[in-house]
Participant: 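Here it is: the structure, laid out below.
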Amino acid sequence: MNTIAHQRCTNPACATTYAVTQTLTSCAKCGELLDICYDWDKVRVPKHLRDFESRWGHRRFPLDHSGVWRFRDLLPFAGDAMVCTIGEGQTFLQNAQCLGRQLGMWPGQLYLQYEGMNPSGSFKDNGMTAAFTHARMVGATHVACASTGNTSASLAVYAAQCGFQGVVFIGSGKIAFGKLSQALDYGAKTLQIAGDFDACLRRVREVSSQLGLYLMNSVNPFRLEGQKSIMYRILESLAWEAPDWIVVPGGNLGNCSAFGKAYMELLELGLVKRAPRLAIINAQGANTLHTLVNRDGLKWNNGHVDNAPIKNLYQQMDQSQYHPHTIASAIEISRPVNLKKALRALHVMNGVVTEVTDEEILEAKALVGRYGFGCEPASAATIAGLQQLLSRQIIGRQERVVCILTGHGLKDPDATVHYHTGVKTKNAIQPAAEPTWGRIANPPIQVADDVEAIIRALGITQDTNKPTHKGYVPSPADLPSVEY
Ligand code: F0G
């Protein structure tokens, strides 16, 4: 029994608690999001953040090598033996002198945090290592997610390396090829649902609860525990001094929520004196948070969030059959599941939200690429947002700013080639009628936006998905037998 950590409903009027050994993605009583909470009196948290530096020398110990788990005292929900790590979090903070100068900032004040340097090429690995660790704790065998691409790539990498069967739901024609290629290559069962990300997430939640699949989307509170480490690494790179601003793209709003929780806890523990301000950047074609915060004045309000504007907006979207649309496919989401936690992050980090157009995103992406180390379109929304916030004098030119580049430039080469040449390279993701596939080919399965059809296509039953409690069992038997 873990007496240090528990799960707690974020709705203060409910605040129901659950053991960390339970697998939940919302409060069983009121349906609101869950947090992982700690009894800090029982944790040996270092007195100063710089005490974490003592782990830098231990490169051969996987937990100290990981950029997530070297901060494990700040996410102490699992024993060391349970941790699923593949060396995530070896990312770096780069001082972007030239780009900063181009944006009219004071010298040395712009930094880029390259989360694309993770094993699967995006920031998702920070969260996946934590959620897989929890999946191992509860003996899960099958793990599932809906994804705009990066979550599925990350899930597929961890499933393949840590001995789980991965299942991913992607929207039809909605995924960048770099990301799709990862899910297929790493052997995840890939269902292409006739719908967008919001439909995929709805379906994967239904199917997971019917079949007992372990859900890896950011409604899983353990995912967000791992993503807190991005804030720790930025502090580490800046000699433990918080920057003035963190700028992050907003999609399902898990990442910004994790950042807010990281600073909430660091402040509570007295490990930092102040939090940076937070700027969350929506794409104009997927701007739910921007609309609710800036048009409707929605606030965290100590957890008593007014549900009426959210309900109204979602009703309007349903009535007009609205579907989000942006070149930044990673953040093409209109019903962000972590909306309320993002409001909390805005409160904790005195944040702002804004929106940028696709044209601004693409120009910013090319600019990041021009100075070396590119990023995918969603990540470049941060630079486009920064440009706008500088010109509106919300961010000062003398302030120290960190933009989170969430995904690698090679994730979406189509967007890049199209920007530079005008040529669209993306073909339909229809497997060829006359297959010329290899022996362990894993083509995506096209399926209607319908639970029964999805379950049939998956071929998984509750019986084949019994918890094993065996822990880590990487098995070559999971591959079809192939004679070489
Ligand atoms: N940037 C990239 C590259 C992403 O892949 C995502 C989300 C975000 C930003 C937004 O992060 O959801 O925490 O606000 N991608 C998800 C996916 C939704 O399925 O890969 P968020």
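Atoms within each ligand, like the ligands themselves, are counted from 1 in listed order.
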Participant: So which bit of Asn217 gets within less than 4.0 Å of ligand 1, heavy atoms only: side chain, backbone, both or neither?
Facilitator: neither
Participant: I want to know if ligand 1 touches Gly254 in the polar sense, i.e. an N/O pair below 3.5 angstrom.
Facilitator: yes
Participant: Between Thr10 and Asp35, do the side chains contain an N or O donor and an N or O acceptor separated by less than 3.5 Å?
Facilitator: no
Participant: Residues two or more places apart in sequence or in another chain: which of them pass side chain to side chain donor-acceptor pair (under 3.5 Å) with Thr190?
Facilitator: none
Participant: Can you confirm, on distance only, whether ligand 1 has an N/O atom lying under 3.5 Å from any N/O atom belonging to Lys179?
Facilitator: no
Participant: Does ligand 1 have a heavy atom under 4.0 Å from the side chain of Lys411, from its backbone, from both, or from neither?
Facilitator: neither
Participant: Can you check whether Asn252 has an N/O within less than 3.5 Å of an N/O in ligand 1?
Facilitator: yes
Participant: Report yes or no: does Ser122 have a heavy atom closer than 4.0 Å to ligand 1?
Facilitator: no
Participant: Any chance the side chains of Gln182 and Ser120 put a donor and an acceptor closer than 3.5 Å?
Facilitator: no
Participant: Would you mind telling me if ligand 1 is within reach of the side chain of Ile331, the backbone, both or neither, using heavy atoms under 4.0 Å?
Facilitator: side chain
Participant: Less than 4.0 Å is my threshold; does some heavy atom of Asn338 fall inside it relative to ligand 1?
Facilitator: no
Participant: With the side chain counted from C-beta on, respond yes when Asp125 and Ser154 share a heavy-atom pair under 4.5 Å apart, and no when they do not.
Facilitator: yes
